[in-house]
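Taking it in order: structure first as structure tokens, then the write-up.
All values below come from the heavy atoms of this structure, side chains included, with hydrogens, waters and symmetry mates left out.
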Amino acid sequence: MKYILVTGGVVSGLGKGVTASSIGLLLKACGLRVTSIKIDPYLNTDAGTMSPVEHGEVFVLDDGGEVDLDLGNYERFLDIKLTRDNNITTGKIYQDVIDRERRGDYLGKTVQVVPHITDAIQEWIERVAKIPVDGQSGAADVCVIELGGTIGDIESMPFIEALGQFSYRVGSDNFCLIHVSLVPVLNVVGEQKTKPTQHSVRGLRCLGLIPHIIACRSTTALEENVKTKISQFCHVQKENVITLYDVPNIWHIPLLLRDQKAHEAIFKVLNLQGLTKEPELEEWTSRAETCDKLHDPVRIAMVGKYTSLTDAYLSVQKALVHASVARGKKLFVDWVSAEDLEEATAKENPDAYKAAWKLLKGADGMLVPGGFGDRGVEGKILAAKYAREKRIPFLGICLGMQIAVIEVARSVLGLKDAHSTEFDPDTKNPCVIFMPEGSKTHMGGTMRVGSRRTYFQPADCKSAKLYGNKRFIDERHRHRYEVNPEMVARLENSGLSFTGKDETGQRMEIVELRNHPYFIGVQFHPEFKSRPGKPSALFLGLIAAACGQLDNLFPGSESKRNVPNVAANDMLSQRNIVPNGASNDMLSQRNIVPNGASNDMLSQRTIVPNAASNHVFPAACGRNVPKGATKAYQNGAVTKFANRAQDSEYSIFKGMHL
């Protein structure tokens with residue numbers, strides 16, 4: 001087994017995760033089997049109880065592991081399925097050692113950081129590295145290990161000591177250290193500064209780890225004299241100084257590494273020369289270049305409660321990118337704080353309220369992701385209502401599905417107090433209830449989490465068609481609450497269809513709204529299994545519906561956005577359907593105009609079938625949007641924000657894993 005350790009210095013957020021993922025992809029393209037391990041030095045056992053605003057999203061694995069978001073990068077880049085043990089934390093290591101001590105495994109010895117904690121770390125790495133993650137039998141050829149945090153952090157010291165010992169344990173031919181550092185450019189002098197990298201490497205060497213390769217993050221490619229200086233002061237060969245400069249999208253990072261012969265430098269350290277082939281990255285290159293050339297926009301409104309940190313929805317963003325590239329569309333994500341849609345905000349901060357609703361009404365599609373707690377729930381319900389009434393393509397995930405059910409119960413069934421017992425334990429009409437097997441005393445590791453099977457009920461539903469008419473699917477879950485099975489019959493009489501259920505038939509997994517172009521809610525998280533080149537079926541459906549291309553995914557479908565000569569039978573406020581191109585001026589409704597007729601309305605959107613473009617009103621479809629800019633509304637204020645799901649620029653200030 002060969003091991004590659006990726007460390008980081010100077011500042012956090014340099015992109016060690018994407019660097020580690022790209023190295024793995026490059027080696028895989030050379031014919032090697034690759035696995036990955038992420039070390040997080042925090043004391044938490046896992047990421048499950050950490051705030052998304054503080055730590056980013058919690059990525060969920062098939063085995064129910066709640067792990068750091070970087071494992072999502074590994075899975076997406078390498079197309080593998082990791083386990084919970086591929087994420088090592090200080091909490092896990094100390095818990096393991098303490099359990100051993102309680103069993104008497106140490107035979108009365110004084111248990112110390114060295115050797116007991118450090119030995120436990122090394123044993124964990126060796127054990128997990130042998131677990132196959134690519135669907136084949138036997139251990140991988142290479143294990144890429146990412147050490148979280150920054151060199152010098154006090155909490156990572158036991159891991160650094162353990163990894164120093166580990167390098168001697170496995171032998172010099174089996175261990176390669178790649179250090180990711182920052183080479184900033186100060187505006188005052190305008191030159192690339194190497195001193196931060198020099199100090200970072202010096203600190204690393206003082207701790208017993210000697211880097212073989214230095215990957216330098218910078219805004220532009222390193223100048224030759226800068227490479228020479230880093231080589232001299234950091235004691236690495238000049239050809240082993242790699243530059244990772246800003247690129248249009250992160251899919252270019254493996255190509256940067258390939259072009260600078262990073263794989264050859266790694267093979268030289270690991271004594272693999274002559275045993276591998278040249279990297280085959282033609283498909284990856286094509287995808288990266290295609291992504292750069294997209295220009296036809298699609299706007300998706302992301303209605304969430306953690307919009308102040310878009311990393312909280314990282315996998316959702318990536319799934320949207322995968323789907324939009326597959327459909328040949330340039331993605332723009334409009335971040336809408338759910339709280340800003342509520343009536344309370346209209347009184348306290350009317351500007352934020354108006355701006356949030358303007359974004360929502362200007363989107364081609366809407367996505368309501370998961371979340372916990374009651375903050376912003378009413379805003380999400382209002383968003384679902386708007387999507388239902390105005391026939392806007394909608395995808396609700398986890399809590400997003402639950403609020404869609406609550407909205408229908410309130411607006412269609414007339415149950416004004418309908419709610420989830422998570423937010424209103426005393427509601428007389430509980431549409432969403434606590435799952436019987438859940439724990440109300442312990443938060444960590446007590447949810448219904450991991451891969452679960454969903455069976456499609458009617459074979460001709462949209463979701464089943466999107467999944468290729470399969471009888472069942474396996475998707476990843478993470479929830480404590482579920483749709484109340486006692487209300488299912490009433491909800492289905494109101495126009496909803498529960499088209500996916502678990503093996504018992506009692507747990508609702510997928511809900512669809514009949515007579516709507518695309519209105520789907522799912523209890524699971526399809527974003528976690530989306531891959532570049534293999535987008536999630538439901539995200540692909542959302543993007544296709546938002547572009548008026550849903551029928552192309554399954555010809556003959558009844559789910560068309562244009563329904564000439566037939567009034568929409570959706571509930572409450574509906575879109576107007578105008579046959580034969582007749583014009584209606586309405587501020588609060590969309591017009592659907594068959595036969596290519598056009599309507600210009602300030603706050604309406606006109607859908608024009610059989611025309612070259614489905615986007616008549618430029619402001620609604622995102623044309624003429626300044627490069628790299630959109631607006632996000634958070635904390636009651638309007639803030640200019642880069643389009644994080646598909647950044648126009650790949651910047652050190654945005655973080656490589658975005």
Listed by chain and number, what are the side chain to side chain contact (heavy atoms under 4.5 Å, CB included) partners of K358, not counting sequence neighbours? none
Are side-chain heavy atoms of L542 and Y518 found at a separation under 4.5 Å? yes
With sequence neighbours excluded, what pairs up with N429 under the side chain to side chain donor-acceptor pair (under 3.5 Å) test? D417
Checking the side chain of K329 only, and the main-chain atoms of A323 only, is there a donor and an acceptor separated by less than 3.5 Å? no
Determine whether T49 and N44 satisfy the following criterion, side-chain contact (heavy atoms from CB on, under 4.5 Å), listing intermediate values before the conclusion. CA-CA 8 Å; T49 57; N44 304 63; 3.9 Å; yes
Shortest non-hydrogen separation from K380 to P369 and the atoms involved: NZ-O, 3.3 Å
Rounding to 0.5 Å, atoms CD1 (I397) and CG (L367) come to a distance of 4.5 Å
Would you name the heavy atoms of Y306 and G371 that are closest together and state the gap between them? OH-CA, 3.8 Å
Under the ring-ring contact (aromatic ring centres under 6.0 Å, His included) test, residues paired with F498 that sit two or more places apart: none
Going by the rule side chain to side chain contact (heavy atoms under 4.5 Å, CB included), which residues pair with L382 if we only count those two or more places apart in sequence or in a different chain? W357
Could you work out, with side chain to side chain contact (heavy atoms under 4.5 Å, CB included) as the rule, every residue matching E339, not counting sequence neighbours? S337, R375
Report yes if the side chains of V432 and E482 come closer than 4.5 Å at any heavy-atom pair, otherwise no. no
Using modelled atom types only, decide if a donor and an acceptor are shared between the side chain of Q317 and the backbone of T310 within a distance under 3.5 Å. yes
Using side-chain heavy atoms (C-beta onward) and a distance below 4.5 Å, is Q402 in contact with L399? yes
For the pair F519 and F394, name the ring-plane relationship: parallel under 30°, tilted 30 to 60°, perpendicular over 60°. parallel
Non-neighbouring partners of D474 that pass side chain to side chain donor-acceptor pair (under 3.5 Å), sequence neighbours left out: R453
Do side-chain atoms of R476 reach the backbone of F59 as a donor and acceptor pair under 3.5 angstrom? no
Walk me through whether I520 and K462 qualify under side-chain contact (heavy atoms from CB on, under 4.5 Å). CA-CA 9 Å; I520 296 177; K462 288 189 184 74; 4.2 Å; yes
Check the pair R299, D364 against salt bridge (charged side-chain N to carboxylate O under 4.0 Å, His left out), reporting the backbone distance first and the verdict last. CA-CA 5 Å; R299 303 196 74 90; D364 301 304; over 6 Å; no
Taking only residues two or more places apart in sequence, or in another chain, which ones meet F539 in a ring-ring contact (aromatic ring centres under 6.0 Å, His included)? none
With sequence neighbours left out, the residues meeting side chain to side chain donor-acceptor pair (under 3.5 Å) with D502 are T504
Any donor-acceptor N or O pair under 3.5 Å, side chains Y467, E475: yes
Given 3.5 Å as the limit, does a donor-acceptor pair link the side chain of H55 with the main chain of V53, or not? no
G370 versus Y313, closest heavy-atom pair with distance: O-CE2, 4.0 Å
Look at E378 together with K305 and state whether they make a salt bridge at an N to O cut-off of under 4.0 Å. no
Testing the basics here: between I433 and P485, what is the closest heavy-atom pair and its distance to 0.1 Å? CD1-CD, 4.1 Å
Take L466 and L540, measure what side-chain contact (heavy atoms from CB on, under 4.5 Å) needs, and give me the verdict at the end. CA-CA 8 Å; L466 288 169; L540 193 63; 5.7 Å; no
May I have the step-by-step check of salt bridge (charged side-chain N to carboxylate O under 4.0 Å, His left out) for E75 and R531, ending in yes or no? CA-CA 8 Å; E75 286 205 345; R531 303 285 184 266; 3.1 Å; yes
Derivation and outcome, side-chain hydrogen bond (donor to acceptor under 3.5 Å, both in side chains), residues Y353 and E343: CA-CA 8 Å; Y353 177 80; E343 291 300 322; 3.3 Å; yes
Are side-chain heavy atoms of S315 and E57 found at a separation under 4.5 Å? yes
Counting distance only, does the side-chain N/O of D424 pair as donor-acceptor with the main-chain N or O of S420 below 3.5 Å? no
Can a donor-acceptor pair be found, under 3.5 Å and without considering hydrogens, that links the side chain of R327 to the backbone of G541? no
Using only atom types and a distance under 3.5 Å, with no angle test, would you say the side chain of R478 pairs donor to acceptor with the backbone of F524? no
Looking only at heavy atoms, the pair that brings A352 and T345 closest together is CB-CG2, 4.3 Å
According to side chain to side chain contact (heavy atoms under 4.5 Å, CB included), who are the partners of C398, at least two apart in sequence or on a separate chain? H479, Q523, H525
Decide yes or no for Y386 and I381: does some side-chain heavy atom of the first lie under 4.5 Å from some side-chain heavy atom of the second? no
Reported OG1-to-NZ distance for the pair T427 and K416, which is rounded to 0.5 angstrom: 13.5 Å
Assess whether side-chain contact (heavy atoms from CB on, under 4.5 Å) is satisfied between T307 and V336, documenting all intermediate values. CA-CA 7 Å; T307 53; V336 181; over 6 Å; no
Measuring from R76:CZ to I250:CD1, what's the distance to the nearest 0.5 Å? 7.5 Å
Less than 4.0 angstrom from a charged side-chain N to a carboxylate O is my criterion; do E527 and K318 meet it? no
How long is the span from the CG atom in L331 to the CG atom in L320, to the nearest 0.5 Å? 5.5 Å
Just wondering, do V483 and M401 contact through their side chains at under 4.5 Å, heavy atoms? yes
So do the side chains of V316 and M302 get within less than 4.5 Å of each other, counting heavy atoms only? yes
Of the options Q506, M508, R507, which is the one that meets K501 in a side-chain contact (heavy atoms from CB on, under 4.5 Å)? M508
Determine yes or no for a side-chain-to-main-chain donor-acceptor pair under 3.5 angstrom, with N484 supplying the side chain and P430 the backbone. yes
Main chain of V408, side chain of R388: is a donor-acceptor contact present, judged purely on distance under 3.5 Å? no
Quick one: list whatever passes side chain to side chain donor-acceptor pair (under 3.5 Å) with S536, sequence neighbours left out. none
Check whether any side-chain heavy atom of P517 lies under 4.5 Å from a side-chain heavy atom of L550, and answer yes or no. no
All ring-ring contact (aromatic ring centres under 6.0 Å, His included) counterparts of H419, not counting sequence neighbours: F423
Minimal heavy-atom distance between E66 and V58, with the atoms involved, is CB-CG1, 3.6 Å
Can you check whether T499's main-chain N or O pairs, donor with acceptor, with S497's side chain at less than 3.5 Å? no
Identify, with sequence neighbours excluded, every residue that meets ring-ring contact (aromatic ring centres under 6.0 Å, His included) alongside Y455. F472
